[in-house]
Amino acid sequence: MSIVTARRFYAPTEKDKMTNKWERFKKNKRAFASLWIFGVLFTISLFSEFIANDKPILVYYDHKFYFPVIRNYSELVFDGEFDIDADYRDPFLIEKIEAKGWMLRPLIGFSYDVINYNLPSPAPSPPTRENWAGTDDRGRDVLARALYGFRVSVLFGLTLTFFSSIIGVALGALQGYYGGAFDIIFQRSMEVWSGMPTLFILIILSSVVEPNFWWLLGITLLFSWMSLVGVVRAEFLRARNFEYVLAARAMGMRHSRIMFIHILPNAMTSALSYLPFILGGSITTLTSLDFLGFGLPIGSPSLGEMLAQGKANLQAPWLGIAAFTVLALTLSLLVFIGEGVRDAFDPRQR
């Protein structure tokens, strides 16, 4: 058998298809670079406590090692005067520690909620050597809040995208596979639900209960799951009458196995291309709620709250610039990644 004839009988496996899609994605240099940049930034933000903190990463004192970032220590451990949590910015305690050891401090000497009481000018103060991006109207470091806020926003977006995808894919699969009256009733219900003023309902619900990360996640999930239903439903409607599906039914295979083992992998091809855009929309939703004052609790690191401070303090442009830069960079990277994923999964691409 010749090589050409052998190729005609070769059927690429799912692993080969995914490898080809990954290769096509890598050829999109802008999308591939955006994925790397976003991954590096998010990985760095996961270790925010070791980058921006008023507590040292490591303290060597009296021939012993201490880790204040992980555990709180009393002043008495460092020969202080009071049995309270050590303040590592206190000149008295710094002198005590340096007399018998040393401290390894983070790159940024403030956490997101630490107030700098030694500002050269009233808050919000402009950038200085101590506060590289300035401070907000309460004297908190802007760069530290941007770093922590970026982490909270991405974690919120990833969690919301994950649960929204599970619900949307499952409901879309049920609609497309069974069709008929079930599909019609569910579609009409979805049209009514999607026609509601989402932002106003989120604001009303957020004002009724005390908002926190998980409450906001649950409230936002009420509306975000509809993003993938239409895509998955269309794929299941198309694939449910294919010959291999009809043969599996004739053999008595369970419906759940047909749906999630045989049809779903093909349907996920188009659904995966939507995930980066859903992630970007989730981050925007949280930012909008925080900007309007209905988001995370007061004092939490939030990009939306930083934007609100920038709007309220036009004489301090570093507030709005910092939040806008982080938000614009994040959403731009996600859009570029989404475009690359969409092109990689496009069946017209070779």
Side-chain angles (χ1 to χ4, degrees), residues 41-125 127-156 159 210-217 290 295-303 305-306 309 319 322 326:
L41 293 177
F42 179 56
T43 303
I44 291 174
S45 70
L46 292 177
F47 300 94
S48 298
E49 285 78 8
F50 296 89
I51 300 173
N53 209 323
D54 59 317
K55 299 178 181 178
I57 301 174
L58 179 66
V59 173
Y60 179 75
Y61 181 78
D62 197 15
H63 306 291
K64 294 181 180 180
F65 288 98
Y66 301 91
F67 302 92
V69 171
I70 301 174
R71 179 183 172 187
N72 291 327
Y73 296 99
S74 171
E75 275 193 11
L76 299 179
V77 175
F78 307 107
D79 295 332
E81 297 181 351
F82 303 102
D83 188 14
I84 58 176
D85 289 342
D87 180 7
Y88 300 94
R89 299 182 60 83
D90 184 1
F92 172 76
L93 190 62
I94 293 175
E95 183 180 352
K96 286 284 186 180
I97 294 176
E98 291 181 347
K100 294 183 180 180
W102 45 266
M103 291 187 294
L104 177 62
R105 289 190 175 275
L107 186 63
I108 303 172
F110 298 92
S111 185
Y112 68 91
D113 57 348
V114 174
I115 299 175
N116 186 0
Y117 292 100
N118 299 316
L119 295 175
S121 60
S125 65
T128 61
R129 290 184 178 181
E130 196 173 24
N131 302 107
W132 297 349
T135 65
D136 61 7
D137 57 2
R138 300 180 185 179
R140 299 170 298 189
D141 189 78
V142 171
L143 190 57
R145 291 186 65 79
L147 181 63
Y148 282 88
F150 172 76
R151 181 177 67 176
V152 171
S153 298
V154 175
L155 287 176
F156 179 87
T159 308
E210 183 179 356
N212 57 43
F213 183 91
W214 297 108
W215 261 112
L216 284 176
L217 183 67
D290 288 333
L296 295 172
I298 298 176
S300 301
S302 164
L303 299 178
E305 192 258 351
M306 290 178 62
Q309 284 206 23
L319 290 172
V326 174

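Side chains are part of it too, since the values below use all heavy atoms of this structure and drop only hydrogens, waters and symmetry mates. Since the model is a prediction, treat every value here as computed from it, not as a measurement.
At a threshold of 4.5 Å between non-hydrogen side-chain atoms, the residues Phe156 and Leu216 count as touching. The shortest side-chain heavy-atom distance between Ser302 and Val152 does not fall under the 4.5 Å cut-off.
In this structure, Tyr60 contributes its side chain and Ile97 its backbone to no donor-acceptor pair below 3.5 Å.
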Verify salt bridge (Lys or Arg N to Asp or Glu O under 4.0 Å) between Arg138 and Glu305, making sure each step is shown before the conclusion.
-> CA-CA 12 Å; Arg138 300 180 185 179; Glu305 192 258 351; 5.2 Å; no
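A side chain to side chain donor-acceptor pair (under 3.5 Å) check over residues 43-55, counting only residues at least two apart or in different chains, returns the pairs Glu49-Arg151, Lys55-Asn72.
Note that OG of Ser153 and CZ of Phe42 are 11.0 Å apart. Values are rounded to the nearest 0.5 Å. Between atom CG of residue Leu155 and atom CZ of residue Phe150 there is a gap of 9.5 Å, rounded to the nearest 0.5 Å.
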Review item, side-chain donor-acceptor pairs of residues 106-122, under 3.5 Å, at least two apart:
from, atom 1, to, atom 2, distance (Å)
Asn116, OD1, Asn118, N, 3.0
Asn116, ND2, Glu130, OE1, 3.3
Asn116, ND2, Asn131, OD1, 3.0

Side-chain donor-acceptor pairs of residues 75-83 under 3.5 Å, sequence neighbours excluded:
from, atom 1, to, atom 2, distance (Å)
Asp79, OD2, Tyr61, OH, 2.5
Asp79, OD2, Lys100, NZ, 3.2
Asp83, OD1, Ser74, OG, 2.9

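Nearest heavy-atom pair across Ala123 and Gly139 is CB-N, 3.7 Å. Contact between Ala52 and Leu147 at its shortest, heavy atoms only, is CB-CD2, 4.2 Å. Closest approach of Ala322 and Met306 over heavy atoms only: CB-CE, 4.2 Å.
Contacts of Asp290 classified as salt bridge (charged side-chain N to carboxylate O under 4.0 Å, His left out), with partners at least two apart in sequence or in another chain: none. Taking Asp137 as the reference, Pro124, Gln309, Asn313 meet the side chain to side chain contact (heavy atoms under 4.5 Å, CB included) condition, with sequence neighbours excluded. Looking at residues two or more places apart in sequence or on another chain, you find a side chain to side chain contact (heavy atoms under 4.5 Å, CB included) between Ser300 and Leu296, Pro297. Listed by chain and residue number, Ile94 satisfy the side chain to side chain contact (heavy atoms under 4.5 Å, CB included) test with Glu98 (two or more places apart in sequence, or in another chain). Taking Leu58 as the reference, Phe65, Phe67, Trp102, Leu104 meet the side chain to side chain contact (heavy atoms under 4.5 Å, CB included) condition, with sequence neighbours excluded.
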